[in-house]
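On a predicted model such as this, the values are computed, not experimentally measured, just so you know.
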Amino acid sequence: MALNRIEPGTKCTVKSTGEVGVLKKIYFYPTKYELEFSNNQFGHYSITDLEIDGIEQSKVKRITPKVPEKGIGERWSFWSPFKGESQVEHHFSTSKEIMWTMLTSIEMYNVWLHGVQRALPILDTERYVHRYSFDKFKLKPGEIFKIRPKTLAPYFSCRVMTIEKNKAFGFTFQTTPLYQEYVHFTMEESDTGVWVRLNRKSSGFFSFLSEFNWEEKSKSLLNLEKITPSTNKTDDKDSLSKGSNDVEGGGIASLSKEDIVFYLVNKGLDGDMETVNNHDDKVARGKAKAMMVKIKRGKAEKPPMPDISSTPAATGGGIESLSKDEMIAYLVNKGIDGDMETVNNHDDKVVRAKAKAMMVKIKRGKAEKPPMPDISSATNEVSKVPETESEELMIKRLIAQGIDGNMDEINSLDNRVIRGKIKAAIVKEKRSKK
């Protein structure tokens, strides 16, 4: 029964006093109940003030969502003499593994972490190209990297202090010589994603400076969300296939990794974020979103859209169709036969490492050499010239073209090993002529 349709004469009890009266009249807008008591006095009450005989009034419960609007959680900043601390929470609709990769990708801090212009590792290595490469950086306590702030200040060293995979990551952080902070990320999995907490602590006389630009600092995790791949995908296989194969007989699957990123960037900037979010490669998704942020901020130019109209569709066969175990066996056989270049140039780091470990065991007599997988049905991945041309003839022909300055066909080769051999031969030939 609607509470504004109660029959006159119904007994009602006032909650605050315990008095019992009889309902005489109901007034609307706002709803008020007029009661007459035994002493012939009248009173006017709202429904929350009364208990009505014969009607059970259930308590109103406020239902709040588990994930707040836009994923924004608790945010606060505190300072007392010689001590400063702040905390930001944010919910990401992604997996722990993806979130861990994003938080520990120090080379991308300039995209989302406030105040960072550039981050570089500090590596003691003879090769110059490895000295500033995060590929060689070992993520463990005690390791040092440096960041350059968005000011005139020079680089400052940061030291990794805490690392617990898929749970916590912390390091010292500095953007000014006046004070140093300790930045600590913690992760907690939820039913629909991952909660990330960013805690920053500083101490010392100048710790009050950490309060400056708090509004911008508190948006760091919001910026990170823009480039973090989401795992909330639809189950519609048709929509997924459209995202990865735009034209019949072609598709972005056969593009290079760089071209895939360019393709996703163009799609996203044109408003098609579904194609970006549904792409299978997490790394490509992350790089595309990072590039989109830079383009929107005016720090980068929009790349050209790759041409996929004439891109041939991937065909079955070849080493690409092998399972991981078969791929390991293939690389082991190649390496033992002396072709370590094929092993070292393989894209999958895990497969590469397992293959090398197996090779060591075989050489020590602790394991047997696995059989070579059958790839006789493979399509010719080496070149785009007629199949009647052998690999040896093709290499000689392309070396001659490269010496004459024609590098187009060489650069278009899919096989990285053969492409490297040809370019090395061209350099060697040109040096011998000098």
When you compare the side chain of [Y] with that of [X], does any pair of heavy atoms fall below 4.5 Å?
X: Met292; Y: Val265; result: yes
X: Lys219; Y: Glu216; result: yes
X: His346; Y: Lys334; result: no
X: Cys12; Y: Tyr33; result: no
X: Val22; Y: Leu35; result: no
X: Gln87; Y: Arg197; result: yes
X: Ile98; Y: Arg285; result: yes
X: Tyr330; Y: Met372; result: yes

Angle class for the Tyr109/Phe185 ring planes (parallel below 30°, perpendicular above 60°, tilted otherwise)?
tilted
Would one find more than 12 heavy atoms of other residues, nucleotides or ligands at under 6.0 Å from atom [atom1] of [X]?
X: Lys324; atom1: NZ; answer: no
X: Lys201; atom1: NZ; answer: no
X: Arg200; atom1: CZ; answer: yes
X: Arg127; atom1: CZ; answer: no
X: Lys369; atom1: NZ; answer: yes
X: Arg118; atom1: CZ; answer: no
X: Lys15; atom1: NZ; answer: yes
X: Glu301; atom1: CD; answer: no

Any carboxylate oxygen within less than 4.0 angstrom of a Lys/Arg side-chain nitrogen, looking at Glu225 and Lys289?
no
I'd like to know if Lys96 and Glu189 make a salt bridge, using a cut-off of under 4.0 Å between side-chain N and carboxylate O.
yes
Contacts of Ser157 meeting side-chain hydrogen bond (donor to acceptor under 3.5 Å, both in side chains) (sequence neighbours excluded), chain-then-number -> none
Kindly write out the residues that satisfy side chain to side chain contact (heavy atoms under 4.5 Å, CB included) with Lys226, not counting sequence neighbours, or none if the list is empty.
Asn223, Val293
For the residue pair Phe42 and His44, is the inter-centroid distance of their aromatic rings smaller than 6.0 Å?
no
Apply the side chain to side chain contact (heavy atoms under 4.5 Å, CB included) test between Ile52 and each candidate in Leu23, Thr13, Thr10; give the one that qualifies.
Thr10
